[in-house]
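All chains are named by letter (A, B, ...) in the order of the sequence lines, taking the proteins before the strands, and each is independently numbered beginning at 1.
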Protein chains: 2
Amino acid sequence: MNDKRMQEMLANLDVENPSEVCPIKDVLATMLDKWTMMIVLVLGKHKVLRFADVKRSVVGISPKMLTKSLRTLERDGHVKRTVYPEVPIRVEYNLTDQGSIFLKKLVDLADWIVPHVPAIVKNREEFIK
Amino acid sequence: MNDKRMQEMLANLDVENPSEVCPIKDVLATMLDKWTMMIVLVLGKHKVLRFADVKRSVVGISPKMLTKSLRTLERDGHVKRTVYPEVPIRVEYNLTDQGSIFLKKLVDLADWIVPHVPAIVKNREEFIK
DNA sequence: TTAGCAAGTATACAAAAGGATAGTGTTGTT
DNA sequence: AACAACACTATCCTTTTGTATACTTGCTAA
């Protein structure tokens with residue numbers, strides 16, 4: 001990506017206006033929430049998971065936050081929620097096509113981070129004050 | 001990215017262990033903080049900015065959060081802070097090479113989001129409950 | 001009829017993030 | 001002498017986020 005393309009994108013992002021004016025900022029912030037990302041990653045790993053499975057996979061999450069994050073993902077079309085009216089009830093979650101592309105972008109980002117982690121950790125250790 | 005590569009990456013991410021064990025998760029969460037992202041974007045747009053310039057560009061940020069976010073970016077090696085001991089003091093901020101790659105990844109992500117925003121917004125409107 | 005499960009919801013509380021705003025130190029300008 | 005510029009720091013307070021845990025609902029099996 002050259003500088004011109006970059007400047008075009010940055011203009012698109014409208015970073016200097018409040019988020020009411022820029023839904024991209026809002027969508028970004030929503031998707032990159034800590035719990036939301038973890039849920040997308042475990043759904044990417046396991047393809048289909050039930051509520052309790054996701055809870056087990058995303059270590060430390062409370063049912064309240066899990067419900068909240070799953071609802072947001074569903075609302076935004078990243079995750080599909082399927083209810084099987086059996087007894088006891090069964091509910092399955094999986095990524096939609098849109099959610100899978102989001103996962104890919106997330107993994108791309110992580111892919112870049114992995115080799116940089118040692119440098120970042122070293123920087124942190126050397127950074128005083 | 002095929003499924004095998006994806007599964008390798010996901011294994012790398014170690015999503016099912018607490019973040020003490022997985023610095024990648026920590027680095028991800030730190031970089032994808034709301035204010036931090038906005039700062040990286042405006043620094044990408046303007047190349048070099050002084051404290052008050054960043055404050056003006058990132059609408060709504062308080063000096064407290066600005067300082068905190070800039071320090072974190074500096075600590076992690078994404079941003080360089082240069083002090084000119086003039087009067088009044090002049091402090092300039094700019095992205096490092098590492099920070100510029102991070103910006104690129106961020107813009108890649110946004111690049112994907114832009115065309116999807118209308119669909120996501122529509123989803124949200126239709127999603128009741 | 002009581003027990004039990006899944007997928008939550010509800011409630012109470014604790015912790016963290018963030019906003020508003022005043023203050024600091026230095027020196028040039030009015 | 002008072003004020004302004006700059007880059008913060010400090011303090012108080014509100015809001016948001018999150019945890020822990022008890023409760024609910026519907027049905028089925030013992």
Side-chain angles (χ1 to χ4, degrees), chain A residues 15 17-20 25-26 28-40 42-43 46 48-76 79-94 127-129, chain B residues 15 18-20 25-26 28-39 42-43 46 48-76 79-94 127-129:
Chain A
V15 280
N17 281 321
S19 58
E20 301 82 78
K25 276 164 67 174
D26 176 58
L28 255 178
T30 304
M31 293 188 356
L32 300 178
D33 165 79
K34 170 193 172 192
W35 292 125
T36 304
M37 283 198 297
M38 291 306 133
I39 293 170
V40 170
V42 300
L43 285 178
H46 297 283
V48 179
L49 289 175
R50 298 173 65 170
F51 187 87
D53 298 328
V54 183
K55 193 166 179 333
R56 262 186 297 276
S57 292
V58 179
V59 177
I61 197 169
S62 63
K64 180 177 152 185
M65 291 313 294
L66 180 53
T67 303
K68 190 183 166 194
S69 308
L70 283 171
R71 288 286 178 283
T72 303
L73 282 166
E74 192 193 354
R75 183 201 66 181
D76 287 3
V79 160
K80 180 156 155 273
R81 176 173 181 269
T82 313
V83 180
Y84 299 90
E86 305 168 352
V87 173
I89 193 172
R90 181 160 57 103
V91 179
E92 289 186 348
Y93 294 92
N94 63 279
F127 186 77
I128 318 296
K129 189 193 145 246
Chain B
V15 280
S19 59
E20 301 83 79
K25 275 164 67 173
D26 177 57
L28 255 177
T30 305
M31 295 189 353
L32 300 179
D33 165 78
K34 170 194 173 191
W35 292 126
T36 304
M37 285 197 298
M38 292 305 134
I39 293 169
V42 299
L43 285 179
H46 297 283
V48 178
L49 289 174
R50 297 173 67 170
F51 186 87
D53 298 328
V54 183
K55 192 165 179 333
R56 264 186 295 275
S57 292
V58 179
V59 177
I61 196 168
S62 63
K64 179 177 153 185
M65 291 315 293
L66 180 52
T67 302
K68 191 183 167 195
S69 307
L70 283 171
R71 287 285 178 285
T72 303
L73 282 166
E74 193 194 352
R75 183 200 67 182
D76 287 3
V79 160
K80 180 156 153 272
R81 178 175 180 268
T82 314
V83 179
Y84 298 91
E86 303 166 356
V87 172
I89 192 171
R90 181 160 58 101
V91 180
E92 290 186 349
Y93 294 91
N94 63 278
F127 187 77
I128 318 294
K129 194 195 142 238

Problem set entry | B/T36 side chain to B/L32 backbone, donor-acceptor under 3.5 Å | no
For this session: Flag this pair as yes if the NZ/CZ of A/R90 is under 6.0 angstrom from the six-membered ring centre of A/Y84 and inside a 45 degree cone about the axis; otherwise no.
Result: yes
Exercise. Does the pair B/D33 and B/K68 meet the rule for a side-chain contact (heavy atoms from CB on, under 4.5 Å), with working shown?
Worked result: CA-CA 12 Å; B/D33 165 78; B/K68 191 183 167 195; over 6 Å; no
Seminar exercise, completed: Contacts of B/V87 meeting side chain to side chain contact (heavy atoms under 4.5 Å, CB included) (sequence neighbours excluded), chain-then-number -> none
Exercise. What pairs with B/K80 under side chain to side chain contact (heavy atoms under 4.5 Å, CB included), at least two apart in sequence or on another chain?
Worked result: B/T82, B/N94, B/T96
Exercise. In chain order, what residues pass the salt bridge (charged side-chain N to carboxylate O under 4.0 Å, His left out) check against A/R50, with sequence neighbours excluded?
Worked result: none
Problem set entry | Atom-pair distance (NZ on B/K55; C1' on C/dG18), nearest Å | 13 Å
Exercise. Taking atom C1' of C/dG18 as reference, at what distance in whole Å does atom CG of B/L66 sit?
Worked result: 13 Å
For this session: Would you mind reading off the bend of the helix from C/dT1-D/dA30 to C/dT30-D/dA1 from its two end axes, five pairs each, to 10 degrees?
Result: 30°
For nucleotides 3-7 of chain D, print each protein N/O atom paired with a nucleotide N/O atom at under 3.5 Å, atom names and distance only.
{"unit_1": "D/dC6", "atom_1": "O3'", "unit_2": "B/R50", "atom_2": "NH2", "d": "3.3"}
{"unit_1": "D/dC6", "atom_1": "O3'", "unit_2": "B/I89", "atom_2": "O", "d": "3.2"}
{"unit_1": "D/dA7", "atom_1": "OP1", "unit_2": "B/R50", "atom_2": "NE", "d": "2.9"}
{"unit_1": "D/dA7", "atom_1": "OP1", "unit_2": "B/R50", "atom_2": "NH2", "d": "3.2"}
{"unit_1": "D/dA7", "atom_1": "OP1", "unit_2": "B/V91", "atom_2": "N", "d": "3.2"}
{"unit_1": "D/dA7", "atom_1": "OP2", "unit_2": "B/A52", "atom_2": "N", "d": "3.4"}

Problem set entry | Heavy-atom closest contact (A/F51 atom, A/L70 atom, distance) | CD1-CD1, 4.0 Å
Problem set entry | Nearest-0.5 Å distance, CG of residue B/L73 to CE of residue B/M31 | 9.5 Å
Exercise. Could you give the distance from CD1 (B/I39) to NZ (B/K55), rounded to the nearest 0.5 Å?
Worked result: 11.5 Å
Exercise. Is the closest side-chain heavy-atom distance between B/L43 and B/V79 below 4.5 Å?
Worked result: yes
Exercise. Base, backbone or nothing for each nucleotide of nucleotides 15-24 of chain D, written B, S, -, heavy atoms under 4.0 angstrom, 5' to 3'?
Worked result: --SBB-B---
